[in-house]
Structure formats: structure tokens, C-alpha cells
Amino acid sequence: MAKSPASFTCTECGAAHRKWAGRCDACGAWNSIVEETPLGSGPPARRTGAKGRTIALTALSDDAPPPPRTCSGLGEFDRVLGGGLVPGSAILVGGDPGIGKSTLLLQAAARLAGAGLDCLYISGEEASAQIRMRAQRLGLDGAAVRLGAETSLRDILTTFEAERPDLVVIDSIQTIWADHVDSAPGSVAQMRAAAHELVGFAKRRGTAVILVGHVTKEGQIAGPRVVEHMVDCVLYFEGERGHQFRILRSVKNRFGPADEIGVFEMTGSGLAEVTNPSALFLSERDAPAPGSVVFAGIEGTRPVLTEIQALVAPSPLGMPRRTVVGLDSGRLSTILAVLEARCAIPFAGLDVFLNVAGGMRVNEPAADLAVAAALLSAREDVAVPPDTVVFGEISLSGALRPVVQMENRLKEAEKLGFSQAIAPARGGAGATSALTVREMEDLTGFVGEVFGAG
Ligand SMILES: Nc1ncnc2c1ncn2[C@@H]1O[C@H](COP(=O)(O)OP(=O)(O)OP(=O)(O)O)[C@@H](O)[C@H]1O
Ligand SMILES: [Mg+2]
Ligand SMILES: [Zn+2]
């Protein structure tokens with residue numbers, strides 16, 4: 001006998017639970033588990049004896065060329081999609097409230113309409129008049145995008161079937177309400193049902209569907225992660241409050257590389273593309289100072305230089321602080337442990353603050369050496385030469401591992417006027433950039449050579 005279906009769901013990660021708990025053990029979120037009425041009652045019927053329909057099978061090779069992608073002309077947006085919009089694709093764009101999702105998608109829809117697509121923009125959050133006001137502010141009031149303000153999934157789908165547009169934007173998926181699902185708007189069940197129907201429509205009719213999803217910390221409405229697996233492409237729009245930079249990051253893409261980023265700047269007249277993010281991130285840089293190190297990173301297919309800043313100060317607390325913005329805090333702990341164990345440089349009794357300038361987030365292990373350099377530079381109060389970029393992965397033994405796309409990193413640094421790089425030894429591969437590369441075997445050698453300590 002099958003167990004009764006789970007009736008509690010985490011609104012953050014979508015994990016099913018058989019009873020309520022204060023904390024989801026799948027993702028660790030607090031207060032995110034809500035009760036849900038299961039869709040059908042009882043286990044799915046096994047239609048024993050009933051014959052299925054034979055499905056049509058096709059060959060892997062198909063003579064018909066794939067339908068062309070459409071470029072919006074908003075280069076940062078097109079790149080994140082993997083080179084333009086694929087017909088019939090389902091795209092989820094998640095982001096914090098107020099970060100600029102509606103602005104971005106209205107601008108993208110206007111551009112795509114200009115490129116010849118029939119675009120519909122359906123808002124469940126704002127009245128058409130409000131969207132028109134935004135369009136006016138963005139200078140897009142002449143664009144051929146048609147607006148709708150609606151939350152009923154049934155009405156939206158009926159409209160789509162009648163109109164057969166090329167692109168629809170749904171802002172936001174959390175406001176869409178399916179009347180066949182007995183659960184509140186914004187719940188996991190509603191969101192799944194709406195996403196399922198809309199993605200189905202995209203595949204059936206070849207219409208590209210963009211779903212906007214709010215990221216929430218409160219757990220009152222379901223986070224977009226619960227529909228991530230249903231769509232072809234998952235993009236997150238990120239940024240720090242108080243910074244004008246916005247980063248569109250692909251975390252999943254069935255039609256292109258994941259981890260690609262597009263960089264924008266929020267201005268009074270909308271989002272402006274930032275085609276040279278390195279220059280932008282480094283433009284915030286003050287005079288060379290202890291604790292500041294430039295990391296030559298790779299974001300998606302493109303090199304991006306960012307500044308890593310550290311502050312190390314004696315701690316009044318028994319348990320010193322470890323505060324990290326823009327990097328993984330686990331990675332910081334590992335690097336501190338390696339510095340202590342392999343180089344005998346203790347950080348006990350010291351508060352450590354680590355930050356990536358400009359609201360950027362760095363996920364690459366190649367940032368290890370730059371982080372270590374920033375920490376040491378702050379601790380020893382010695383500035384790393386300002387014309388230097390640093391990158392390399394640190395292993396637990398203290399050895400430095402080579403990183404991917406070394407030449408691209410060096411070329412970008414050269415382009416931005418840097419003259420030397422501190423990097424792992426690359427085992428004889430020839431250099432093509434004019435940068436002086438100081439190759440390091442391990443962390444101890446690095447500490448000795450750069451800081452004269454160890
Ligand atoms: N008049 C204005 N001048 C300049 N910037 C503005 C103006 N109005 C709004 N903005 C910017 O646009 C941002 C809001 O953009 P938008 O409405 O696209 O965000 P959103 O992510 O869709 O928000 P929501 O969660 O409300 O749907 C604001 O945070 C602000 O920075
Ligand atoms: Mg919005
Ligand atoms: Zn969870």
C-alpha cells in the first residue's frame with residue numbers, strides 16, 4: 001500500500017515533507033514549510049489493462065534547420081541567454097523585490113518587438129497605466145509591445161492561444177492564479193501549476209515565455225526555485241542596494257553556457273549596458289591600500305577583474321567575527337585554516353571582514369589566492385603593488401593549482417593597464433601576453449616572496 005502523498009512543502013526549495021517542521025532539512029530555510037492540499041486524492045491510479053497511445057518517434061538528425069534565435073540588441077541580455085532568444089524556450093528570471101526585473105524585461109521586450117517579434121507583457125502586479133508610465137520614463141512608449149493586466153491563468157492562456165505571440169512576459173509567476181488548484185496564489189502548488197501550463201504552452205506553440213519570479217526570504221510566497229527544473233533557462237538578476245550595478249546571471253541554460261553574466265547599470269532612464277565590467281568594477285578603486293587586491297576572474301565566457309578587499313583587526317570578542325560579502329564564507333574559513341596550518345600565520349583573536357567591491361559576487365576557486373593576498377596584506381599592513389593582478393586556487397596542502405583560461409585573464413589585465421600577475425606555475429606553457437607573470441609553487445613561497453614573511 002502506497003503511503004499517503006506528502007502534504008507539506010518548502011516554499012524555498014520545493015522539498016516535500018510528511019509533517020510540518022520549523023526548519024526545512026533539505027535547504028536549511030526557517031519557517032518556509034507550508035501545508036498544501038494535494039492535487040489528486042490518493043496515489044495515482046495505475047491503469048492496469050488500459051492501453052497507452054503509441055508515441056511518434058523521430059530520428060536524432062532532422063533536416064529542418066533549427067529556428068533562428070532573435071537578438072534583442074541588448075548585448076548583455078542576449079549573451080546571458082546564450083546568443084539571443086530561442087523560440088519556444090521557457091525562461092525564469094528571479095530577483096529580489098525592487099531590483100529592476102520589470103524594467104529589464106520591459107526594455108528587452110521593447111527591443112525584441114523592434115526586432116520583429118510579436119511581444120505581450122502580462123502584469124499581475126501593476127496596472128497597464130503604471131507600465132505605460134514606466135515605458136514613458138524609459139523612452140519606450142513607441143515600442144510595439146502589447147500590455148495586459150491579468151492574474152487568471154485560464155484567461156491568460158485563452159488569450160495566448162488566440163493571439164499566438166512570439167514572446168510573452170509574465171510578471172510575476174507568483175501572482176498568477178490557476179482556478180483548478182485549490183490553494184492560495186503565491187503558494188507552491190499554484191506556482192507549479194501556472195509554470196507547468198505556461199511552459200507547456202511555450203513548447204506547444206513555439207512561443208518564448210519569460211516568467212518573472214520574486215526571491216523572498218520570508219517564505220510567505222514560494223520562491224522561484226520550485227519551478228527551476230521546469231524551465232529551459234534560469235536567470236537571476238542581482239545587485240546590492242546602494243549600488244547602481246545589476247548583474248544578470250544564468251544559473252541554468254539548456255541553450256548556452258551557464259554562469260554567464262550580463263552587467264547593467266541602473267540609471268534614471270532605465271538599465272544601461274556595461275560592456276566593459278572590469279573597468280566599471282575597478283573604477284571604484286581608490287589609491288592602492290593594504291587589504292585591497294585585484295582578482296583576474298572569469299565570469300561565464302568573459303574575463304572580469306574585480307577588487308577584493310579585506311580588513312583584519314584585533315577582536316574584542318571571544319569568538320572573532322568573520323564577515324563576508326560577495327564570496328563564500330566556507331571558502332574564507334578554508335583559506336584562513338590553510339594560512340594557519342601551512343604558513344603558521346594565525347588569525348585567532350582577529351576579526352576578518354572580506355568584501356568584493358561593486359556588489360559583485362565571485363564563485364570561482366581561482367579567487368583563493370587573491371583572497372589570501374588581501375587577508376595577508378591587511379594583516380601585515382603591506383599593500384600589494386597596484387599594477388598587479390592575482391589569481392590561483394589553493395589546495396588544502398598549501399599548493400597552488402593552475403586555473404582555467406589563464407591567457408584570457410592575463411589579456412584582460414593587460415588591457416586594463418596592469419603590468420604583472422601573481423599566479424600558479426603553469427608548467428612550461430608559453431605566455432602570449434606582455435604581462436610579467438610571477439609564478440608561485442605554493443602558498444608558503446607566495447607569502448615569503450610577496451610579504452617577506454612566513
Ligand atoms: N523615476 C525613477 N528614476 C530612477 N530610477 C527609478 C525610478 N523609478 C524606479 N526606478 C528604479 O527602478 C527600480 C525598480 O525597478 P522595477 O520596478 O523594474 O523592479 P522590480 O524588480 O520589477 O520590482 P518589483 O519587485 O516591485 O516588481 C527602483 O529600485 C529604482 O532603482
Ligand atoms: Mg516588477
Ligand atoms: Zn527547503
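Both ligands and their constituent atoms are indexed starting at 1 by order of listing. Computed from a prediction, not measured in an experiment: that's the story for all the values here.
When all heavy atoms of R69 and G82 are compared, the pair lying nearest together is NH1-O, 3.1 Å. Residues F347 and E340 come closest through the heavy atom pair N-OE1, 3.9 Å. When all heavy atoms are compared, the tightest approach of L354 to A310 is CD1-CB, 3.8 Å. Between S89 and A202, the shortest heavy-atom contact is O-CB, 4.4 Å. Considering every non-hydrogen atom in both L85 and I91, the closest pair reads CD1-CD1, 3.5 Å.
E76 has a carboxylate O that lies under 4.0 Å from a charged side-chain N of R79, or vice versa, which qualifies the two as a salt bridge.
Both tests pass for R409 against the ring of F391: distance under 6.0 Å to the centre and angle within 45° of the axis.
Every atom of ligand 1 with a heavy atom of M266 under 4.0 Å away is listed here by number and element: 12 (O), 13 (C), 31 (O). For ligand 1, the atoms lying closer than 4.0 Å to a non-hydrogen atom of S102 are 18 (O), 20 (P), 22 (O), 27 (O). Close contacts between ligand 1 and T103 involve ligand atoms 15 (O), 16 (P), 18 (O) [criterion: under 4.0 Å to a heavy atom]. Using a 4.0 Å cut-off to heavy atoms of E125, the atoms of ligand 1 that qualify are 27 (O).
Using a 3.5 Å distance cut-off with no hydrogens or angles, the side chains of E412 and S278 do pair a donor with an acceptor.
Between P97 and ligand 1, no pair of N/O atoms sits closer than 3.5 Å. Where the criterion is an N or O separation shorter than 3.5 Å, residue side chain and backbone included, L104 fails it with respect to ligand 1. Considering backbone and side-chain atoms together, K101 places an N or O closer than 3.5 Å to an N or O of ligand 1.
Summary of contacts: the protein heavy atom closest to atom 17 (O) of ligand 1 is R134 NH2, 2.9 Å. With respect to atom 5 (N) of ligand 1, the closest heavy atom belonging to the protein is R137 NH1, 3.8 Å. Looking only at protein heavy atoms, the nearest one to atom 4 (C) of ligand 1 is G268 CA, 3.6 Å. When only non-hydrogen protein atoms are considered, atom 19 (O) of ligand 1 lies nearest to G100 N, 3.0 Å. From the protein, the heavy atom lying nearest to atom 25 (O) of ligand 1 is G98 N, 2.9 Å.
Few gaps surround CZ on R254; more than 12 heavy atoms of other groups in view lie less than 6.0 Å from it. Sparse packing is recorded around CG of L396, with 12 or fewer heavy atoms of other residues, nucleotides or ligands lying under 6.0 Å away.
In summary, an N, O or S atom of S102 is located under 2.8 Å from the Mg ion (ligand 2).
Shown here, atom 7 (C) of ligand 1 is in close reach of the protein: a heavy atom of it lies under 4.0 Å off.
For E126, the heavy-atom gap to ligand 1 stays at 4.0 angstrom or more.
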